[in-house]
Amino acid sequence: MDDTVIDSSLRTVEWKDNKVIMIDQTKLPNQLVFVEYDDFNQVADAIKTLVVRGAPAIGVSGAFGLALASLQSEATTKDGLISDLEKARKILYETRPTAVNLKWGLDKIMTVANSESSVEQIRQSVINEAKKMADEDIQINKTMGKYGSVLFDNNDTIMTHCNAGALATVAYGTALGVIRATRESGKNIKVIATETRPVQQGSRLTAFELKHDGFDVSLIPDTAVGYSMANGLVNKVIVGADRIVRTGHVFNKIGTYQVATMAKQHGIPFYVAAPLSTFDMKSDAKDVIIEMRKGTEVTGIGDKKTAPDDINVINPAFDMTPPELISGIITEKGVAKPPYEESIKKLFEANY
Ligand code: MRU
């Protein structure tokens, strides 16, 4: 059997027999390897090293990390257990700074933990809540897919950047979830995936995931975004997000801003798909921390060195796309349209 065949019921991250099971995304597309963790420190490490990545997937992984921490703790009182969970929370939180879903997942679990009174109740509720978050993630993606699919037409070619697919979530995906739902609604569509240097989530994960699921997908180097748009190869763009602030500024994989700017230049609609757990209604755009990653991601490809020794490298993992470049933000509560400050507020008011 091909060892990279992914069954559609497979989850990127799940809880089984008091352990966290994940697909090791650093090994894709060459090998499908599952890792199994029983220590929250291993989960923190997995988030940091991109074994698991993508905003919703790391949100759920953080929650599962706290579930492991609750089992690892030897505390016999509620206060003792909460204190151990707080320590684990800090370690998990400090893994990656940009995707707000991680904070959302950790905060949700801590709220549940604090609401229980005994050590046993806390453990049970924390595990149940983390499992529920994983199940809900899939449901939310499917709902987003339904709202988003109406924005796409038969015979569209849709460009996407990075990986906002099943592999970035528990399953189904956000941006790729909308693409899946569009096909499920009977429309014939093609996809263009950017390579997404330097970590290559586009070629390693998106192209792999879509090809595996039988989509007509073409891979382009990031440098061919302008060419593709100028030559009429793209009708629409859809990407995911790591954080969206209340003004509609979208933080997503480095290069998203370039794709959005180019789309504006060519009059191509640019959509973002993200669950409400990706919204940060408190921070201002200028306060969001952009993760800077190590230079070796840029100075080589695989084991091959592609830059001179000791070169200075600037390697931001994310950038910010301003609201004026965005045609709509697809969520599980509907599609927000400009002006975003109002439409985003309405999404939250309507449901909380
Ligand atoms: O560094 P990564 O791979 O975690 O970055 C992922 C992205 O930027 C995705 O586009 C984003 O998390 C949306 S995933 C549904």
Side-chain angles (χ1 to χ4, degrees), residues 11-13 22-26 28 46-62 95-105 134 137-138 140-145 148 159-181 193-210 222 237-244 250-260 270-280 288-294 297-298 315-321 326 329-332:
R11 292 181 176 208
T12 301
V13 52
M22 286 178 188
I23 295 176
D24 182 349
Q25 299 192 36
T26 64
L28 288 170
I47 296 173
K48 213 183 272 176
T49 57
L50 310 185
V51 165
V52 64
R53 34 63 54 200
I58 64 175
V60 171
S61 299
T95 51
R96 297 194 76 191
T98 308
V100 78
N101 305 61
L102 180 57
K103 180 180 183 312
W104 169 85
D137 178 73
I138 304 173
I140 286 169
N141 292 340
K142 294 202 166 159
T143 310
M144 237 178 330
M159 178 178 280
T160 189
H161 184 62
C162 192
N163 174 265
L167 290 162
T169 59
V170 176
Y172 202 70
T174 56
L176 297 195
V178 172
I179 287 176
R180 281 182 217 285
T194 58
E195 190 185 15
T196 320
R197 278 281 291 153
V199 179
Q200 296 184 285
Q201 290 92 336
S203 57
R204 290 190 306 106
L205 308 175
T206 297
F208 165 71
E209 193 180 314
L210 291 179
D222 299 317
V237 180
I238 187 164
V239 297
D242 290 86
R243 190 184 295 231
I244 303 173
V250 168
F251 293 80
N252 190 48
K253 180 53 56 197
I254 192 71
T256 303
Y257 175 44
Q258 286 170 197
V259 177
F270 178 93
Y271 294 106
V272 177
L276 293 193
S277 54
T278 300
F279 286 72
D280 172 357
V288 175
I289 298 171
I290 300 284
E291 176 184 4
M292 302 302 285
R293 294 189 62 85
K294 56 183 196 276
E297 286 180 351
V298 183
N315 185 19
F318 301 97
D319 61 22
M320 184 196 77
T321 299
I326 301 167
I329 304 177
I330 302 153
T331 76
E332 71 273 33

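For ligands, and for the atoms within them, numbers begin at 1 and follow the listed sequence. Because the structure is a prediction, the values reported are computed rather than measured.
Considering only non-hydrogen atoms, atom 1 (O) of ligand 1 lies nearest to K253 out of H161, R53, K253.
A donor-acceptor contact shorter than 3.5 Å links the side chain of T206 to the backbone of C162.
Atom numbering of ligand 1 starts at 1 in the shown order; those under 4.0 Å from a heavy atom of A164 are 14 (S), 15 (C). If you number the atoms of ligand 1 from 1 as listed, the ones under 4.0 Å from a heavy atom of T174 come out as 15 (C). In summary, the atoms of ligand 1 found under 4.0 Å from a heavy atom of Q201, numbered by their order in the structure, are 1 (O), 2 (P), 3 (O).
Remark: N315 CG to I290 CD1 distance equals 12.0 Å, nearest 0.5 Å. The structure places CZ of F318 at 7.5 Å from CG of N252, a figure rounded to the nearest 0.5 Å. Here CG of N141 is found 10.0 Å from CG of L176. Values are rounded to the nearest 0.5 Å.
Residue contacts with ligand 1 for A57 are absent, since no atom lies close enough (heavy atoms, distance under 4.0 Å). The residue T278 has no part lying near ligand 1, judged by heavy-atom distances below 4.0 Å.
Taking atom 7 (C) of ligand 1 as the reference point, the nearest protein heavy-atom neighbour is D242 OD1, 3.3 Å. Among all non-hydrogen protein atoms, the one lying nearest atom 9 (C) of ligand 1 is N252 OD1, 3.4 Å.
Between A55 and ligand 1, a contact under 3.5 Å exists for at least one N or O pair. For A168, no nitrogen or oxygen atom sits less than 3.5 Å from a nitrogen or oxygen atom of ligand 1, counting backbone and side chain alike. Between R96 and ligand 1, at least one N/O pair is under 3.5 Å apart.
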Verdict with supporting geometry, R197 and D222, salt bridge (charged side-chain N to carboxylate O under 4.0 Å, His left out): CA-CA 7 Å; R197 278 281 291 153; D222 299 317; over 6 Å; no
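The environment of E291 atom CD is dense: over 12 non-hydrogen atoms of other residues, nucleotides or ligands sit within 6.0 angstrom. Annotation: I289, atom CD1; neighbour count of heavy atoms from other residues, nucleotides and ligands within 6.0 Å does not exceed 12.
With N101 as the fixed residue, the side chain to side chain donor-acceptor pair (under 3.5 Å) test singles out one of D137, D280, T278: T278.
Within the 4.0 Å heavy-atom shell around ligand 1 one finds A241. Contact between A317 and ligand 1 is absent, with no heavy atom of the residue lying under 4.0 Å from the ligand.
For the residue pair Q25 / R53, a side-chain donor-acceptor distance below 3.5 Å is found, with atom types taken as modelled.
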